[in-house]
Colleague: 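Sending over a structure as C-alpha cells; questions will come in a sec.
Source: prediction; values computed, not measured.
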Amino acid sequence: IVYKANPKQTNTVTIHYIDVDETVKNNPEKTSFESTDGNEIVDQKQSVEGKNVGDSYTNQLWNYAKDGYELATKQVDSRTESGTIPEVGQPNDFYVYLKHRTSPLHDNSTVNETIHYVDEQGNKVFDDHQAKVKFTRNGQHYQVTNTDKWNDWQPGESQSFTAVKSPEKAGYTPNIA
C-alpha cells in the first residue's frame with residue numbers, strides 16, 4: 001500500500017476597512033459595528049493569499065490616520081494584523097471600522113457701525129459715532145474630506161447696535177433723528 005499526501009488546502013484572509021462615520025454621527029455612543037454599518041473603502045482592501053490552511057500570517061495595516069481616519073472601535077481585531085490561515089468555510093474576512101478624524105474650528109467676526117455727522121456741504125459737524133458688534137462661531141474640520149462644517153453665528157454681548165440719537169446743533173435739523 002502506497003500512501004499519497006493529501007494536497008494542502010489554501011485559503012485567503014481579507015482585511016476590509018469600513019467607513020462608519022455616518023453611523024457614528026447618528027449614534028455617537030456606538031462602538032460595535034457590522035460591515036453593513038458603513039461603506040467599504042475599497043481602495044484599501046488587503047488580502048493575504050497563497051498560504052496553506054494552518055500557516056501563520058502577518059499583515060501591515062493601512063496607515064489610515066495619514067488619510068484623516070481614526071478607529072471607531074476601541075481596538076482593531078487582532079486577526080487583521082496576524083493569525084493563522086483558517087480552514088476553508090471558516091471566517092476569513094476581518095474588518096477595521098473607521099470614522100473621520102475632526103479638529104475643532106473657531107471663528108469670530110466684528111461688524112462695525114460708523115455714523116458721520118455732516119452739514120449739507122459735507123463738512124464735519126460732530127465727531128463720528130462708532131460701535132462694534134462681535135459674533136463667534138464654532139465648527140469642525142473633517143480631515144478625510146478636507147471640508148469644514150460650521151455652526152450658526154452667535155452674538156457676543158449684543159446681537160444688534162443700540163439706537164443712537166443724533167446730537168442737536170442750533171440752527172440745524174438732522175435728516176435722521
Colleague: Hydrophobic clusters join Ile, Leu, Val, Met, Phe, Trp and Tyr when side-chain heavy atoms are under 4.5 Å apart, directly or via other members; which others share one with I18?
Modeller: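 I18 clusters with V20, V24, F33, Y95, Y97.
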Colleague: Show the numbers, then the answer: is there a side chain to side chain contact (heavy atoms under 4.5 Å, CB included) between T136 and N138?
Modeller: CA-CA 7 Å; T136 61; N138 296 316; 5.9 Å; no
Colleague: Does NZ or CZ of K99 fall inside the cone over Y64's six-membered ring, less than 6.0 Å from its centre and within 45° of the axis?
Modeller: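 No, cation not above the ring by the 6.0 Å, 45° rule.
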Colleague: Out of curiosity, does L98 fall in the hydrophobic cluster containing L61 (side-chain heavy atoms, cut-off under 4.5 Å, transitive links)?
Modeller: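 Per the 4.5 Å side-chain linkage, L61 and L98 are co-clustered.
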Colleague: Drop me the distance from Q46's CD to I15's CD1, to the nearest 0.5 angstrom.
Modeller: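 These two atoms lie 5.5 Å from each other.
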Colleague: Does any N or O in the side chain of S47 come within less than 3.5 Å of the main-chain N or O of E49, such that one atom is a donor and the other an acceptor?
Modeller: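 No, because the side chain of S47 does not come within donor-acceptor range (under 3.5 Å) of the backbone of E49.
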Colleague: Cluster question for you: counting only ILVMFWY and a side-chain heavy-atom cut-off of under 4.5 Å, with indirect links fine, are Y57 and V96 together?
Modeller: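 In one cluster: yes.
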Colleague: Given the rule that I, L, V, M, F, W and Y join up when any side-chain heavy atoms are under 4.5 Å apart, are V111 and V164 in one cluster?
Modeller: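 In one cluster: no.
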Colleague: Name all residues meeting the side-chain contact (heavy atoms from CB on, under 4.5 Å) criterion together with P167; count only those two or more places apart in sequence or in a different chain, and write none if there are none.
Modeller: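 With sequence neighbours excluded, P167 shows a side-chain contact (heavy atoms from CB on, under 4.5 Å) to Y117, F126, given in chain and number order.
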Colleague: Does V118 belong to the same Ile/Leu/Val/Met/Phe/Trp/Tyr cluster as I115, with side-chain heavy atoms less than 4.5 Å apart forming each link?
Modeller: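 Shared cluster, no.
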Colleague: In this structure, are over 12 heavy atoms from other groups packed under 6.0 Å from K25 atom NZ?
Modeller: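 Enclosed.
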Colleague: In Å and rounded to the nearest 0.5 Å, what is the CG to OG1 distance from N112 to T110?
Modeller: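 Between N112 CG and T110 OG1, I get 6.5 Å after rounding to 0.5 Å.
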Colleague: Might you work through the side chain to side chain contact (heavy atoms under 4.5 Å, CB included) test for R137 and D152, ending with a clear yes or no?
Modeller: CA-CA 6 Å; R137 66 179 177 167; D152 292 338; over 6 Å; no
Colleague: Taking the ring centre of each residue, are H16 and F94 less than 6.0 Å apart?
Modeller: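 No: the rings miss the under 6.0 Å criterion.
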Colleague: Just by distance, do the side chain of N11 and the backbone of P86 share a donor-acceptor pair under 3.5 Å?
Modeller: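 The answer is yes, because a donor-acceptor pair under 3.5 Å joins these two groups.
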Colleague: Going by the rule side-chain hydrogen bond (donor to acceptor under 3.5 Å, both in side chains), which residues pair with N151 if we only count those two or more places apart in sequence or in a different chain?
Modeller: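 Residues passing side-chain hydrogen bond (donor to acceptor under 3.5 Å, both in side chains) with N151: none at all.
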Colleague: Please identify each residue that fulfils ring pair (Phe, Tyr, Trp, His ring centres under 6.0 Å) with H141, with sequence neighbours left out.
Modeller: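 Applying ring pair (Phe, Tyr, Trp, His ring centres under 6.0 Å) to H141 gives none.
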Colleague: May I have all residue pairs that pass side chain to side chain donor-acceptor pair (under 3.5 Å) and include part of residues 78-90, sequence neighbours excluded?
Modeller: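 Non-adjacent pairs meeting side chain to side chain donor-acceptor pair (under 3.5 Å): D77-R79.
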Colleague: Can you name the residues that form a side-chain hydrogen bond (donor to acceptor under 3.5 Å, both in side chains) with N52, not counting sequence neighbours?
Modeller: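 Not a single residue meets the side-chain hydrogen bond (donor to acceptor under 3.5 Å, both in side chains) criterion with N52.
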Colleague: Hey, mind stepping through Y69 and V144 against side chain to side chain contact (heavy atoms under 4.5 Å, CB included) and telling me if it holds?
Modeller: CA-CA 6 Å; Y69 287 96; V144 171; 3.5 Å; yes
Colleague: Supply the members, apart from I1, of the Ile/Leu/Val/Met/Phe/Trp/Tyr cluster built from side-chain contacts under 4.5 Å; use none for a lone residue.
Modeller: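 Y3, which link up through side-chain heavy atoms under 4.5 Å apart, make up the rest of the cluster.
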Colleague: In the hydrophobic cluster built from side-chain contacts under 4.5 Å, what are the other members alongside W150?
Modeller: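 So far as hydrophobic clustering goes, W150 is joined with L105.
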Colleague: Just to verify, what does S160 make a side-chain contact (heavy atoms from CB on, under 4.5 Å) with, not counting sequence neighbours?
Modeller: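 S160: side-chain contact (heavy atoms from CB on, under 4.5 Å) contacts with S158.
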Colleague: Mind checking what makes side-chain contact (heavy atoms from CB on, under 4.5 Å) contact with V133, not counting sequence neighbours?
Modeller: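 With neighbours one apart ignored, the set is F135, F161.
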Colleague: Side chain to side chain contact (heavy atoms under 4.5 Å, CB included), that's the test. Do T10 and K51 meet it? Break it down for me.
Modeller: CA-CA 5 Å; T10 61; K51 294 259 188 189; over 6 Å; no
Colleague: Counting only heavy atoms not in E113, do more than 12 fall under 6.0 Å of its CD?
Modeller: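 Enclosed: over 12 neighbouring heavy atoms sit under 6.0 Å from CD of E113.
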Colleague: Backbone N or O of D37 within a donor-acceptor pair of the T23 side chain at under 3.5 Å?
Modeller: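 Between the backbone of D37 and the side chain of T23 there is a qualifying donor-acceptor contact (under 3.5 Å).
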Colleague: Could you pull out all residues at least two apart from Y17 that satisfy ring pair (Phe, Tyr, Trp, His ring centres under 6.0 Å)?
Modeller: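 So Y17 forms a ring pair (Phe, Tyr, Trp, His ring centres under 6.0 Å) with W62.
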Colleague: Which residue pairs pass the salt bridge (charged side-chain N to carboxylate O under 4.0 Å, His left out) test with at least one member in residues 114-130, sequence neighbours excluded?
Modeller: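 Non-adjacent pairs meeting salt bridge (charged side-chain N to carboxylate O under 4.0 Å, His left out): K124-D127.
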